[in-house]
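Below, each value reflects all heavy atoms present in this structure, side chains not excepted, and no hydrogens, waters or symmetry copies. Residue numbering restarts at 1 for every chain, and letters A, B, ... go by the order of the sequence lines.
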Amino acid sequence: MIDLIFPDGSQRQYEDGATGRDVAASIAKSLEKRAVLIKLDGKLYDLDRALPSGGVFEILTRDAPEALDTIRHDASHVMAQAVQELFPGAQVTIGPAIEDGFYYDFARDTPFSLDDLAKIEQRMKEIVDRDEKIVREVWNRDEAIAHFKAIGEAYKAEIISDLPETEEISVYRQGAWKDLCLGPHLPSTKHVGKAFKLTKLAGAYWRGDHRNAQLQRIYGTAWASEADLEAYLTRVEEAEKRDHRKIGRAMDLFHLQEEAKGMIFWHPKGWTLFRTVENYIRRRLDAEGYQEVKTPQIMDRGLWDRSGHWEKFGANMFVCETPEGEELAVKPMNCPGHIQIFNVGQKSYRDLPLRLAEFGACHRYEPSGALHGIMRLRAFTQDDAHIFCREDQIEEETTKFVRLLNSVYSDFGVHLDSVKLALRPELRAGSDEVWDIAEDKLDRAARQAVNIKIDRLPGEGAFYGPKLEFHLRDAIGRTWQCGTLQLDFVLPERLDAEYTAEDGSKQRPVVLHRAVFGAVERFLGILIENHAGAFPLWLAPTQVVVATITSDADDYGMQVAQELRAAGLRVETDLRNEKINYKIREHSLAKAPVIAVVGRREAEEGKVALRRFGSDGQEILSLAQAAKTLALEALAPDVARRTTGAAAASPRDSVGAREAG
RNA sequence: GCCGGAUUAGCUCAGCUGGUAGAGCAGCGGUUUUGUAAACCGAAGGUCACGGGUUCGAGUCCUGUAUCCGGCACCA
């Protein structure tokens, strides 16, 4: 007998071998009809599978949030079935549920075309209408391998061969089609419903390795209801409007062109934004005891050889040769340069931690397919710094950095999506003891400073040390690594950095590579998408537009602009011979934070009518009052904290505490 | 780099099975002097990404290249 505890706390006993369906039926016939899955001690099982044990038990209907992943997973199976019916010879590989949907990877010589998607979608709907029972079977391992080989499913055979000996080989059948799968699945194809849509085609390497064959991946989205699907599609459409590439063009911030792919032409407004952000972080770094430096853009190959970059990173560096035969490389990062500065003269333990910062223009030869708007470039600016410190200072410096990062993100109104700790890779420098300490220190420091789960990424660290990655999310949900902190035991050694310790001995400092934005350009891309171009006053390239009603007010309008500029604001005038409605509309669409309307009345009274973005009311102030108010509002958050003397908001609580995403 | 797709006016886009390119907005010229989200009129604007091919004829079909977009790989 098995004991089940139901959500309401009641308990009941069932015969051994009872299935979820039996249980549902014992409660109510209507429940059995609606049931699609069961949850036993937190784990999902097929409705028709014999319960493996007793425990906390719950029957899930199709609209349960936990069922959504299974709907998506089943949608991927239905898609695979449709593909194999329509395209005999296409091999199945894997097809999981993912955020918002699913995909399935097929091995097929001829790639699918977009036209195929419509056909596959149609066939999927037919399979749903067939309402084929989904049945779980357990197979013998060797027979399963032999079987899948025999029917030409080499990938499936390979997957089974790679499963641990102890693993049960489960195969799910739906009609004449079957797939090796862990499950669980819905009782029949009908339950998948039709709220799905195939969205994109892509190549994808078998097992994520580019040395392997390239498979054909089909992505789809699936939902519990048509309404959810519609809502999702609308959401995606809305998000696409916030694309930084669109806004960048519409707001005249920057452009890119063929002759300089992966590099930005910043227009005046975009560069104003860039400078505002740069000035902000410069103030923060100054206040945190960093010292800004500037190092050469191009350096001799010899230095890159010694640093190890030539060997490890050479293929991604832009190199040039001079007529005199020198081999030079454009810097892909700033570390070797900073170490050169550290190495001049003598350093004492008293100088540590020494924090050298640089807005370093880095160039990297990125594969063409990697480029993406201003998020992934070939030329970008790191808000880079290297902290030279003793081993016992690592933790404190890391904590300080993470606190700074939190505070900065909070000031910009962006929220951490995730924090990752990349751990020792297979090929690495340094002993395991050193790695133990290093990983532990980063982990502890990060946990102390952010209130968010830290994902551990085994094997993803750099060969020279573990790293912390801080990821932000763009408009359509992709995440980008922005902030980073990397421990480095190797570079100081290779470039012979040393300091004199208290006992007079020469010691190697540890280097912390760290960046808050990562790349200023990428951070700006995130910022543009997060605000959809409607920047807070302190960031807006144009803060106030002075718009006149009639030409009578032109002189006064210019005077208003002048006074606001004198108060430190970025002001434009719109004296065009257009109706005020037209001007309001245009500047509202351009997301100007403040429109100062002036007509004859304001001119006579020495006033301005302020209209703020997102509201349709107006606020009438004297010119002097307006200048004062706006100037105060336009202060950068860090300056505002200093100026008003208010206690600095505790960013530690405000970032990270927010739910990710 | 790999797979799929796109590229037509400054921008957003239309252009059926091949017959010689079109709209809206913006810009320019004029009229209008206007009170909080689009005044009116006019003229102009194109090597249809670039190269090669098929054809009497190519924006449209084939092919090569470039860039961009969606993924994959990469992101030290």
ask   = Should we say atom CG of A:L427 is surrounded by more than 12 heavy atoms from elsewhere, each under 6.0 Å from it?
value = no
query = Under 3.5 Å, is there a donor-acceptor pair linking the side chains of A:N334 and A:H386?
reply = no
ask   = When the C1' atoms of B:G30 and B:C69 are considered, how many whole Å apart are they?
value = 42 Å
message = Base, sugar-phosphate or nothing for A:E460? Non-hydrogen atoms, less than 4.0 Å.
response = nothing
inquiry  = Of the listed nucleotides (B:U33, B:G35, B:G4), which one gets closest to any side-chain atom of A:L114?
reply    = B:G4
Spacing of the P atoms in B:G64 and B:G4 (rounded, Å) = 12 Å
ask   = Less than 4.0 Å between a side-chain N and a carboxylate O, is that true for A:K241 and A:E238?
value = yes
Enumerate donor-acceptor pairs with a distance under 3.5 Å from any side-chain N or O in residues 95-104 of chain A to protein atoms, sequence neighbours excluded.
{"residue": "A:Y104", "atom": "OH", "partner": "A:D179", "partner atom": "OD2", "Å": "2.7"}

ask   = ring pair (Phe, Tyr, Trp, His ring centres under 6.0 Å) with A:W435: which residues, sequence neighbours excluded?
value = none
request  = Compare all side-chain heavy atoms of A:K420 with those of A:Q481 and state whether any distance is below 4.5 angstrom.
outcome  = no
task = Using the test salt bridge (Lys or Arg N to Asp or Glu O under 4.0 Å), find all partners of A:D443 that sit at least two apart in sequence or belong to another chain.
result = A:R447, A:R456
message = Between B:U67 and B:U8, how many Å separate the two C1' atoms, rounded to a whole number?
response = 16 Å
inquiry  = Taking the C1' atom in each of B:C25 and B:C62, what is the distance between them to the nearest angstrom?
reply    = 37 Å
message = Rounding to an integer number of angstrom, what distance separates B:G59 and B:U7 when you compare their C1' atoms?
response = 11 Å
request  = Tell me which of A:T550 and A:F613 sits closer to the 5' end of RNA chain B, going by the nucleotide each one is nearest to.
outcome  = A:T550
inquiry  = Any residue in residues 103-112 of chain A with a heavy atom nearer than 4.0 angstrom to RNA chain B? Just list them by number, or reply none.
reply    = A:P111, A:F112
inquiry  = For the CD1 atom of A:I580 and the CG atom of A:D574, what is their distance to the nearest 0.5 Å?
reply    = 7.5 Å
ask   = Tell me, what's RNA chain B's dot-bracket, Watson-Crick or G-U with both distances under 3.5 Å, | for other-strand, [ ] crossing?
value = (((((((..((((.....[..))))..((((.......))))......(((((..]....))))))))))))....
query = Which part of the nucleic acid, if any, lies within reach of A:L215 when heavy atoms closer than 4.0 Å are counted: base, sugar-phosphate only, or nothing?
reply = nothing
task = Can you establish whether the number of heavy atoms outside A:D162 located under 6.0 Å from its atom CG is more than 12?
result = yes
ask   = For A:F87, what residues pass the ring pair (Phe, Tyr, Trp, His ring centres under 6.0 Å) criterion, not counting sequence neighbours?
value = A:F112
key: Whether over 12 other heavy atoms sit under 6.0 Å from A:E426 CD   = no
query = Expressed in angstrom and rounded to an integer, what is the separation of A:D574 atom CG from B:U36 atom P?
reply = 16 Å
request  = Would you mind telling me which residue lines up with the more 5' stretch of RNA chain B, A:E469 or A:Y365, judged by nearest nucleotide?
outcome  = A:Y365
ask   = Where do A:F523 and A:F380 land on the ring pair (Phe, Tyr, Trp, His ring centres under 6.0 Å) test, with the steps shown first?
value = CA-CA 11 Å; A:F523 189 77; A:F380 57 94; over 10 Å; no
ask   = Rounding to the closest angstrom, what is the interatomic distance between B:U33 and B:A39 at atom C1'?
value = 11 Å
inquiry  = In whole Å, measure the gap between the C1' atoms of B:C74 and B:A58 for me.
reply    = 40 Å
message = I need the CG-C1' distance between A:D616 and B:A37, as an integer number of Å.
response = 9 Å
I'd like a table of donor-acceptor pairs (distance under 3.5 Å, sequence neighbours excluded) in which one partner is a side-chain atom from residues 590-604 of chain A, with atom names and distances.
{"residue": "A:K591", "atom": "NZ", "partner": "A:A532", "partner atom": "O", "Å": "2.7"}
{"residue": "A:R600", "atom": "NE", "partner": "A:D552", "partner atom": "OD2", "Å": "3.2"}
{"residue": "A:R600", "atom": "NH2", "partner": "A:D552", "partner atom": "OD2", "Å": "2.6"}
{"residue": "A:E602", "atom": "OE1", "partner": "A:G599", "partner atom": "N", "Å": "2.9"}

query = Separation of A:D552 atom CG from B:G35 atom C1', in whole Å?
reply = 13 Å
query = With a non-hydrogen cut-off below 4.0 angstrom, is A:A609 in contact with a base, only sugar-phosphate, or nothing?
reply = base
Members of residues 578-586 of chain A that approach RNA chain B, where some heavy atom sits under 4.0 Å away = A:E578, A:K579, A:I580, A:N581, A:Y582, A:I584, A:R585
Detail all sub-3.5 Å separations between protein N/O atoms and N/O atoms belonging to nucleotides 7-13 of chain B.
{"residue": "B:U12", "atom": "OP1", "partner": "A:R249", "partner atom": "NH1", "Å": "2.7"}

message = Just the rounded figure in Å: distance from P of B:G5 to CG of A:L198.
response = 15 Å
Test ring pair (Phe, Tyr, Trp, His ring centres under 6.0 Å) applied to A:H255 - qualifying residues, sequence neighbours left out = A:F265, A:H267
message = Centroid separation under 6.0 Å, is that true for the rings of A:F613 and A:F535?
response = no
inquiry  = With rounding to the closest Å, how many angstrom separate the C1' atoms on B:C3 and B:A21?
reply    = 34 Å
message = I'd like to know if A:R508 pairs up with A:E493 as an ion pair, taking the criterion as any Lys NZ or Arg NE/NH1/NH2 lying under 4.0 Å from an Asp or Glu carboxylate oxygen.
response = yes
query = Listed by chain and number, what are the side-chain hydrogen bond (donor to acceptor under 3.5 Å, both in side chains) partners of A:R123, not counting sequence neighbours?
reply = A:E85, A:E126
note = Its contact letters, B for base, S for sugar-phosphate only and - for none at protein heavy atoms under 4.0 Å, make nucleotides 65-75 of chain B read -SSSSBBBBBB
